[in-house]
K.L.:
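Before I ask anything, let me first share the structure, which is written out below as structure tokens.
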There are 2 protein chains.
Amino acid sequence: MIDDTKIKSFLGQNGISPLPKRVKIMQYLIEKHNHPTVDMIYSELLHEIPGLSKTTVYNTLKLFTSKRVAVALNIEDNEIRYDADTATHGHFKCRVCDGVFDFSLDRDQLPEIPLNGFSVDEYHYYLKGVCSSCREKGLG
Amino acid sequence: MIDDTKIKSFLGQNGISPLPKRVKIMQYLIEKHNHPTVDMIYSELLHEIPGLSKTTVYNTLKLFTSKRVAVALNIEDNEIRYDADTATHGHFKCRVCDGVFDFSLDRDQLPEIPLNGFSVDEYHYYLKGVCSSCREKGLG
DNA sequence: TCAAAATTTGTAACGATTACAAAATTATGT
DNA sequence: ACATAATTTTGTAATCGTTACAAATTTTGA
């Protein structure tokens, strides 16, 4: 359980007015760090924030990514997942159970882009396959 | 201009009946290697294949990716791009002009996944930023 | 406290993708 | 080659994630 105050000041430092719903959504992202979809955030926070609108979740996540306090993951074909961990790290998607796993990765482990004059501000390293749990069950 | 015969035998070798529309779509992917969306393939091939249906393009690409003669790229938030180059290589997306650029990359330049018992069968390395052309124009 | 600015809501629209049944094409056996 | 079965294609409708937008609400700051 993270202190509200810390999240409020963190948002404020990043140019985001720390409105109550924004604080709750950021708190959700940080505490669960489960790469949620918009629908997951919406349906789980609805219990805690009655009357929450899905549009607010969309708006808030767009704001978070534009201010770079969260990152959008395109590891699925059909929907965007979000991650409050903006440090470079890798993501693995299991094609059997659909789970998304983090793994640590330093920026300097990744090769530099061999294109002159390009500036890079986001690094995404996605692996797909079968996770250990599904393999043990003989799936995949 | 690639020989039809080569594409037909390539598809056949990969367990895909080399029906005429499939051959044309594969030929498009190989010759243009422009990471097209379904809509790009559909609208450009419509001139060459009158009566082509967009559903056929979707079906064919699903078949190609399941047989691993093409790879789906999730470098955009909203739509899937396709690449007939199934060898590992990197992709750069310019957030100004929306262009997608390839860059070479060996599998062994990428770090191994530090997760025991996981099997990996797809590697995606996506970078985002501003391309040299847009930077020269002072954009981004 | 009050008015202006910003945010949230709810509904409708949008666009990519999928479902599905009918029509067309291709493959198979004789 | 022919008939038939199996596969593929088509076109439309449905689905689902996301965005647009105007009205209602909340926040901000004088």
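Since we're looking at a predicted model, the values are computed, not measured. Each chain gets a letter, A, B and so on, in the order the sequences are listed, and its residues count up from 1.
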K.L.:
In whole angstrom, what separates B:Tyr42's OH from D:dT9's C1'?
P.N.:
13 Å
K.L.:
Does B:Asp121 come within less than 4.0 Å of A:Lys128, counting only side-chain N to carboxylate O?
P.N.:
no
K.L.:
Could you give the CD-to-P distance, from A:Glu79 to D:dT18, as a whole number of Å?
P.N.:
6 Å
K.L.:
Evaluate ring-ring contact (aromatic ring centres under 6.0 Å, His included) for B:Phe64 paired with B:Tyr82, printing each intermediate quantity in order.
P.N.:
CA-CA 10 Å; B:Phe64 284 177; B:Tyr82 293 90; 9.2 Å; no
K.L.:
Would you mind telling me which of D:dT19, C:dT7, C:dA27 lies closest to the side-chain atoms of B:Leu19?
P.N.:
C:dA27
K.L.:
Roughly, in whole Å, what's the span from NZ in A:Lys62 to C1' in D:dG17?
P.N.:
12 Å
K.L.:
Measure from CZ on B:Arg22 to P on C:dT26 and round the result to the nearest Å.
P.N.:
11 Å
K.L.:
In the hydrophobic cluster built from side-chain contacts under 4.5 Å, what are the other members alongside A:Leu19?
P.N.:
none
K.L.:
Take atom CG of B:Leu11 and atom P of D:dT7, then tell me their distance rounded to the nearest Å.
P.N.:
18 Å
K.L.:
Between P on D:dG17 and CG on A:Asn74, what's the gap in Å once rounded to a whole number?
P.N.:
15 Å
K.L.:
Quick one: label A:Lys21 by what it contacts on the DNA or RNA (base, sugar-phosphate, nothing), any heavy atom closer than 4.0 Å.
P.N.:
sugar-phosphate
K.L.:
Rounding to a whole Å, what distance do you find between A:Arg81:CZ and D:dT18:P?
P.N.:
11 Å
K.L.:
Using the benzene-type ring in the case of Trp, are the ring centres of A:Phe118 and B:Phe103 under 6.0 Å apart?
P.N.:
no
K.L.:
Without swapping roles, check the side chain of A:Thr56 against the backbone of A:Leu52 for a donor-acceptor pair under 3.5 Å.
P.N.:
no
K.L.:
Compute the bend angle of the helix from C:dT1-D:dA30 to C:dT30-D:dA1 from the end axes (five pairs per end), rounded to 10°.
P.N.:
40°
K.L.:
Just by distance, no angles: are the side chains of A:His124 and A:Glu122 close enough, under 3.5 Å, to form a donor-acceptor pair?
P.N.:
yes
K.L.:
Taking the nucleotide of DNA chain C with the closest heavy atom to each, which residue, B:Lys54 or A:Thr55, is nearer the 5' end?
P.N.:
A:Thr55
K.L.:
Using the side-chain heavy atoms of A:Tyr58, tell me which of these nucleotides is nearest: C:dT9, C:dA16, D:dG17.
P.N.:
D:dG17
K.L.:
Using the closest heavy atom to pick a nucleotide of DNA chain D for each, name whichever of A:Ile80 or B:Leu52 lands nearer the 5' end.
P.N.:
B:Leu52
K.L.:
Do NZ/NE/NH1/NH2 and the carboxylate oxygens of A:Asp39 and A:Lys54 come within less than 4.0 Å?
P.N.:
yes
K.L.:
How many Å lie between CG on A:Leu45 and P on C:dT8, as a whole number?
P.N.:
13 Å
K.L.:
For the side chain of B:Ser17, starting at C-beta, report the closest nucleotide among C:dA16, C:dA19, D:dT8.
P.N.:
D:dT8
K.L.:
Just to be sure I understand the rule, does A:Asp39 reach a base, reach only the sugar-phosphate, or reach nothing, if contact means heavy atoms closer than 4.0 Å?
P.N.:
nothing
K.L.:
Mapping B:Ser53 and B:Asp77 to their closest nucleotides on DNA chain D, which lands nearer the 5' end?
P.N.:
B:Ser53
